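Any value given below was found using the heavy atoms of this structure, including those in side chains, with hydrogens, waters and symmetry copies removed. Keep in mind that what you see is a predicted model, and the values were worked out from it rather than measured. Order of the sequence lines sets the chain letters (A, B, ...), proteins ahead of strands, with each chain counted from 1.
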Amino acid sequence: MVLGSDMTEYNPKKIEKKWQRIWEKNKSFESKSDKEKKKFYVLEMFPYPSGNIHMGHLRNYTIGDVIARFYKTNKYNVLHPMGWDSFGMPAENAAIENKTNPKLWTEENIKNMRAQLQSIGLSIDWNREISTCSKEYYKHQQKIFIDLYKKNLIYKKDSYVNWDPVDNTVLANEQVIDGKGWRSGAIVEKRKLSQWFLKITAFAQELLEDLEVLHGWPDKVKLMQKNWIGLSNGVEIKFKVRDIDESISVFTTRPETLFGAAFLGLSVEHQLSDRLDNLEEFKKFKNRCLQTTDRNIDDEKIGFFSGLFAEHPLDENIKIPIYFTNYVLINYGTGAIFGCPAHDERDYEFAQNIGIDFSSVFKNKDSLPYVEKNENDIMQNSEFLDGLSLKEAKKLVVSKIIEQKKGSEKKTYRLRDWGISRQRYWGCPIPIIYSEDGEISTIEESELPVTLPEDIDLSQNGNPLDNHPTWKFVKCKKTNKQAIRETDTLDTFFDSSWYFLRFCSPQNDDKPFDEIETKYWMSVDHYIGGVEHAILHLLYSRFFSRALKKCGYDTPKEPFKKLVTQGMVCHETFKTKEENPKWVNPNNVLTEAGKFYTNDNGKKIDVLKGRSEKMSKSKKNVVDPDSIILKYGADTARLFMISDSPPERDLEWSIDGIKATHKYLNKIYNFLTSNKFNFTTQFDLNKNKLNNDESILYDFLNSVITNYTDDIKNYRFNNAVAKIRELSNKLVKQKITKTLFDYCWSIYLRLFAIITPHFSSELAETAGLKNNLEDIFWPEAEKTSKINDKILIILQVNGKKRGSLTVEKEMSKDDILKILSNSEKYSGIIDNEIKKIIYVPNKIVNFVK
RNA sequence: GCGAGCGUGCUGAAAUUGGUAAACAGACAGGACUUAAAAUCCUGCGGGUGGUAACACCCUUGUGGGUUCAAGUCCCACCGCUCGCACCA
C-alpha cells in the first residue's frame with residue numbers, strides 16, 4: 001500500500017512502550033481506598049513463577065484486564081493487583097537440577113515474568129505486588145497458623161501418607177504414578193506419619209449450605225464443590241463385640257436392611273486392627289492392603305477374619321463375624337461397615353469371595369444383589385420388621401436404635417480434613433517447637449517470622465530442614481528447655497487461601513491485613529482463573545474466610561462474589577507415524593497435497609494430524625506469548641485472546657487468527673491516521689440535519705454502545721468484538737458529515753480502549769485528545785435516539801418465512817393487514833383460507849392456514 | 001458405575017423471554033492492482049431444484065419422536081464427545 005502523506009505506520013512496539021511508560025508515570029492504576037467511591041475488586045488467580053508466562057496466563061490476565069479497565073472507566077474505584085504464588089516444589093527441583101538456590105531461582109523468574117506481564121499493558125497496581133515466599137508475607141501467615149492453632153482449627157494426627165523410600169519424602173497423590181515415585185521410580189509405600197491438619201470438616205455444613213448464596217458462581221463449580229463435600233444423611237449404629245469390652249460404630253444410609261447384615265467390614269487402618277498387629281499373617285495382609293496406593297475399584301475384594309463376632313444391635317442372639325477388608329475406607333464414616341450382601345454390590349462381591357451366606361430382606365426380590373430403593377418394597381427375614389414397607393421399616397428401626405441407645409441419626413461428609421504438612425524445604429515454616437519433654441508450643445508472636453535457612457543442602461535425601469546441622473535446635477523461651485523446631489513446611493494451598501486479603505493492605509507490617517482496608521475492598525467482585533481450581537483452592541479459600549472470622553478477624557464469609565472460570569488454550573498436534581509416535585511441533589510441519597510431513601535433517605518424515613489439545617510442553621504444541629507480543633504487539637495478542645471464543649470455553653490458538661487480528665488493527669490505524677478526525681466526547685449537531693443513512697448510522701452507533709456494554713459486563717467478549725467490528729466496517733465504508741465522523745470514531749476508541757488500550761490511546765492522542773482515554777467516562781447510549789422509527793416485520797405462513805415488511809414502530813395489526821392487502825407482492829397471502837393470524841408487535845405476523 | 005455439560009457451514013462461532021438460523025471472523029476460491037509476488041481492495045462462500053438473468057421455491061442446527069401458530073432453543077428416547085468424582089457404605 002502506498003502511504004499517504006499524513007499517514008504514520010502502525011508500530012505497536014513503539015506505541016505500547018510509550019503508553020506503558022505514561023501509565024506508570026501517571027500512576028494511572030494505583031488504587032487508594034476512598035470511602036466515598038464505589039469500589040470494584042478484580043482479581044485473577046496469581047501465577048506460579050515458573051519462569052515464563054504461557055498462553056493461559058495471557059488469556060487469563062487479558063480477560064481480567066478488560067473487566068478492570070471497564071469498571072475503571074465506569075468510575076469505580078478499582079483494585080487490580082498482582083502477586084506470586086512462589087513457594088512450591090518446582091523451585092526445589094529446579095534448584096537441585098541447576099545447583100542453585102530456590103530463592104534465587106524464584107526471584108529470577110519473578111523478575112522475568114513481571115516484565116512479561118508488564119508488556120501486555122495490564123492495568124495493574126504494581127505497588128501492591130506480593131510474593132508468598134517473602135518473609136514479609138509468610139510472617140503473617142505464621143501468625144494466622146498460630147491463631148488457627150489456638151482456636152483448635154489446626155491439629156496433629158497420625159495419618160498414612162505416600163512415602164517414597166528412596167527420596168525419603170512424602171509425595172502428593174499426583175506425584176505417585178502407577179504406584180511409583182515420579183522422580184525416584186521407587187514403589188511408594190503407605191507410611192504412618194504425624195501430620196498437621198486443618199479442620200475444614202468443622203465447616204462442612206456451612207460450606208455446603210452457603211453455596212446457595214454464591215449467585216455469581218457457575219453452577220458447574222458449585223455442583224463440584226457440593227459433590228466434593230458429599231453430604232449423606234444416615235444413622236451411626238454401635239455393634240457390641242462379643243467377649244471383649246469393645247464396640248464398633250458403623251455408618252449406614254440404609255438402616256432398614258439391618259437384618260440383612262451378614263458381617264462387619266473394617267478397614268485395616270481401623271483402630272481395632274492393633275489387636276492383631278503381632279500376628280504375622282495379619283501383618284502381611286495389612287501391608288498388602290496398604291501397599292495398593294490408589295485403591296482401585298478393580299482390586300479384588302479380600303478379607304481377613306478377626307476371630308471376633310459382633311452382636312446384632314436389635315437381637316443379641318444374632319452373631320455377626322468381623323472381617324478386615326481392603327475395600328472399606330478409613331477416611332469415610334467410621335472406617336467400618338455392616339455388610340449387607342443382598343443389597344449392596346460391593347458387599348455382595350466380598351461375600352461371594354469369602355463364602356458368606358446371606359438372604360434378601362425384601363419380598364420377591366431374589367435376584368441379588370438388589371440395590372434399588374423402592375419405598376413400597378415389603379420387608380422379610382427381618383423379625384419385627386416383616387410385612388412393613390421399606391419406608392415404615394426404616395422409621396421403626398431408627399427409632400428403636402435411638403430408643404435403645406444403640407446409635408443415632410448422623411450426617412456424614414465425604415470431605416476430609418486438609419493435611420498441610422510437607423516434608424519439603426521451599427515452603428512456609430510452621431511456627432511450632434517441641435520441647436524435650438514432648439510439649440508442643442507455638443513461637444512467640446514477637447519472634448516471627450521463623451525464617452528459612454539459606455545455607456541448605458538439597459543434594460541429600462529427605463527433608464533439608466531436618467538435615468540442616470543447626471536450624472532446628474532452639475531453646476524454648478518460656479521454659480528455657482531444649483527444643484526442636486517443626487521441620488515440616490506448609491502446603492502451598494495455605495499460601496493462596498488468604499492472599500486476596502493481603503492485597504488490600506500489602507505493606508502492613510503489624511497484621512496480616514488491615515481490617516479497615518479489607519472492610520472496604522472485600523469481597524473480590526470478580527475472580528477469574530482456570531476451572532482446575534474449582535475445588536481445592538476455592539474451597540480452601542472459602543474455609544479460610546470462615547476460620548479467620550472465628551479467630552476474630554473481620555472478614556466476609558464468602559471471599560469471591562463472582563467467579564469466572566476460563567477454558568484452556570488449545571493448539572493442533574502432530575505425531576510421527578512410528579510405532580512409538582513422537583510429538584512434532586506444528587511449526588515444523590509442512591503440507592503437500594493434503595499430506596503432512598516434517599523435515600528431519602533433510603529427510604521427509606510423514607506425520608499425522610491429531611486433535612487440538614491443551615498447549616503443553618510434552619505435546620510440543622506450545623506457542624510462547626512473548627514472541628507473539630514482540631512480533632505483533634500486545635494489543636493484537638489481547639484482541640485475539642478474546643475475539644473468537646467465549647471465556648469459559650476452550651480457545652483454539654491460530655496464527656492465522658493472530659495475523660488477521662493484526663491486519664485489522666493495522667487497517668484501522670492507517671485509516672484513522674490518513675483520514676484526520678478530531679476527538680470529541682460531545683455530539684453537537686442537530687440530529688435533524690442528518691440524512692437518512694446518517695441517522696440510521698447514528699441509531700446503530702447507539703445500539704452498539706448499549707450492546708457492547710452489556711456484552712462486556714456479561715463476559716461475552718466475542719460478541720462485543722463483533723459489534724465493534726461491525727461499527728468500524730460501516731464507518732470505513734460510509735461517507736458521512738465530519739461532525740458525525742468525529743463523534744463515531746471517538747466512541748469507537750473509547751469502547752475499544754479496554755481491549756486495545758495502547759492502540760486506542762495513541763489514536764485518540766493523534767486526534768487531539770489531551771487527557772488520558774482511561775479517565776474519560778464510559779459512553780452512554782442515547783435512549784431516545786431512535787430517529788428512525790421504522791421496524792422490520794417478518795411475514796410467515798404456517799410459521800415459515802414468506803417475506804418481510806418495513807413499517808412504523810408499534811403499528812397495529814389492522815394497519816399492517818391493510819398495507820399487506822394493498823401490496824402487490826403480498827396481497828396473495830391474504831385469502832379465504834386463513835384460519836388464524838398471530839401478531840407479535842414489532843416482530844412477526846404469522847398466517848395460519 | 002455416578003454426576004454434569006455439549007453436539008449449528010470447511011473452521012472459530014452468533015442467534016434477548018420459543019419469533020428472519022449462520023451475525024462477526026478465519027480458511028478457501030475468483031477478480032482488480034503488479035513484470036511477478038507480498039500487501040491492499042472487491043466479489044463469492046450450508047445444500048438442492050428451476051431460470052440466460054434479476055429471482056423463485058424446497059431442504060438444513062447429531063438421530064428419531066413430541067408439544068406449539070412457530071423449535072437450534074422446551075419435553076422424551078437414542079447416538080457421539082468432553083469434563084468432574086469414583087469401593088463414599
Which atom pairs, one a donor and one an acceptor, fall under 3.5 Å between side chains of residues 532-540 of chain A and the rest of the protein, sequence neighbours left out?
| from | atom 1 | to | atom 2 | distance (Å) |
| --- | --- | --- | --- | --- |
| A:His537 | NE2 | A:Tyr527 | OH | 2.7 |

Taking only N and O in the side chain of A:Arg611, is any of them less than 4.0 Å away from OP1 or OP2 of B:U82?
yes

A:Phe324: what forms a ring-ring contact (aromatic ring centres under 6.0 Å, His included) with it, not counting sequence neighbours?
A:Phe282

Within this structure, what is the CG-to-P distance between A:Leu329 and B:C85, rounded to whole angstrom?
16 Å

Please classify the nucleic acid contact of A:Glu726 as base, sugar-phosphate, or nothing, using heavy-atom distances under 4.0 Å.
sugar-phosphate

Between P on B:G12 and OH on A:Tyr664, what's the gap in Å once rounded to a whole number?
23 Å

Just compare B:A23, B:G26, B:C85 and give me whichever is closest to any side-chain atom of A:Asp656.
B:G26

Please tabulate the protein-to-nucleotide N/O contacts below 3.5 Å involving nucleotides 14-17 of chain B, giving atom names and distances.
| from | atom 1 | to | atom 2 | distance (Å) |
| --- | --- | --- | --- | --- |
| B:A14 | OP1 | A:Asn718 | ND2 | 3.2 |
| B:A14 | OP2 | A:Arg649 | NH2 | 3.1 |
| B:A14 | O3' | A:Asn719 | ND2 | 3.3 |
| B:A15 | OP1 | A:Asn719 | ND2 | 3.1 |
| B:U17 | O4 | A:Lys843 | NZ | 2.4 |

Does A:Ser232 have a side-chain nitrogen or oxygen under 4.0 Å from the phosphate oxygens OP1 or OP2 of B:A89?
yes

Mind checking side chain to side chain contact (heavy atoms under 4.5 Å, CB included) for A:Ser616 and listing every partner two or more places apart, or none if nothing turns up?
A:Ser618, A:Lys619, A:Asn621

Name the orientation of the base relative to the sugar in B:G47: syn if the glycosidic angle is within 90° of 0, else anti.
anti

Determine the contact category for A:Asn729: base if any of its heavy atoms lies under 4.0 Å from a base atom, sugar-phosphate if only primed atoms, P, OP1 or OP2 are that close, otherwise nothing.
sugar-phosphate

Pairing residues for A:Phe717 by the ring-ring contact (aromatic ring centres under 6.0 Å, His included) criterion, not counting sequence neighbours
A:Tyr715

Of the nucleotides B:A86, B:A89, B:A25, which one has an atom closest to the side chain of A:Arg414?
B:A86

May I ask you to verify whether the side chain of A:Lys301 and the base of B:C87 hold a donor-acceptor pair under 3.5 Å?
yes

RNA chain B in dot-bracket, Watson-Crick or G-U pairs under 3.5 Å, [ ] crossing, | other strand?
(((((((..(((......[....))).(((((.......))))).(((((....)))))..(((((..]....))))))))))))....

With sequence neighbours left out, write down each residue that passes ring-ring contact (aromatic ring centres under 6.0 Å, His included) with A:Tyr323, or none if nothing qualifies.
A:Phe305, A:Phe350

For nucleotides 42-49 of chain B, give me every protein contact, N/O to N/O, under 3.5 Å, one pair per line with atom names.
none

I need the full list of salt bridge (charged side-chain N to carboxylate O under 4.0 Å, His left out) pairs touching residues 702-730 of chain A, with sequence neighbours left out, sorted by first then second residue.
A:Asp710-A:Arg716, A:Asp711-A:Arg716, A:Asp711-A:Lys723

Can you pull every protein N or O that's under 3.5 Å from an N or O on nucleotides 67-75 of chain B?
| from | atom 1 | to | atom 2 | distance (Å) |
| --- | --- | --- | --- | --- |
| B:C69 | O2' | A:Asn846 | ND2 | 3.3 |
| B:C69 | O2 | A:Asn846 | ND2 | 2.5 |

Got more than 12 heavy atoms from elsewhere within 6.0 Å of NZ, A:Lys222?
yes

List the residues meeting ring-ring contact (aromatic ring centres under 6.0 Å, His included) with A:Trp228, not counting sequence neighbours, and say none if there are none.
none

How would you list, by chain and number, every residue that makes a side chain to side chain contact (heavy atoms under 4.5 Å, CB included) with A:Ile302, sequence neighbours excluded?
A:Phe285, A:Arg288, A:Cys289, A:Glu300, A:Asn326

Which part of the nucleic acid, if any, lies within contact of A:Thr253, taking any heavy atom under 4.0 Å across all strands shown: a base, the sugar-phosphate backbone alone, or nothing?
sugar-phosphate

Which nucleotide in the set B:G3, B:C83, B:C58 lies at the smallest distance from any side-chain heavy atom of A:Arg802?
B:C58

If you check the A:Arg725 side chain, which of B:A25, B:A4, B:U20 turns out closest?
B:A25

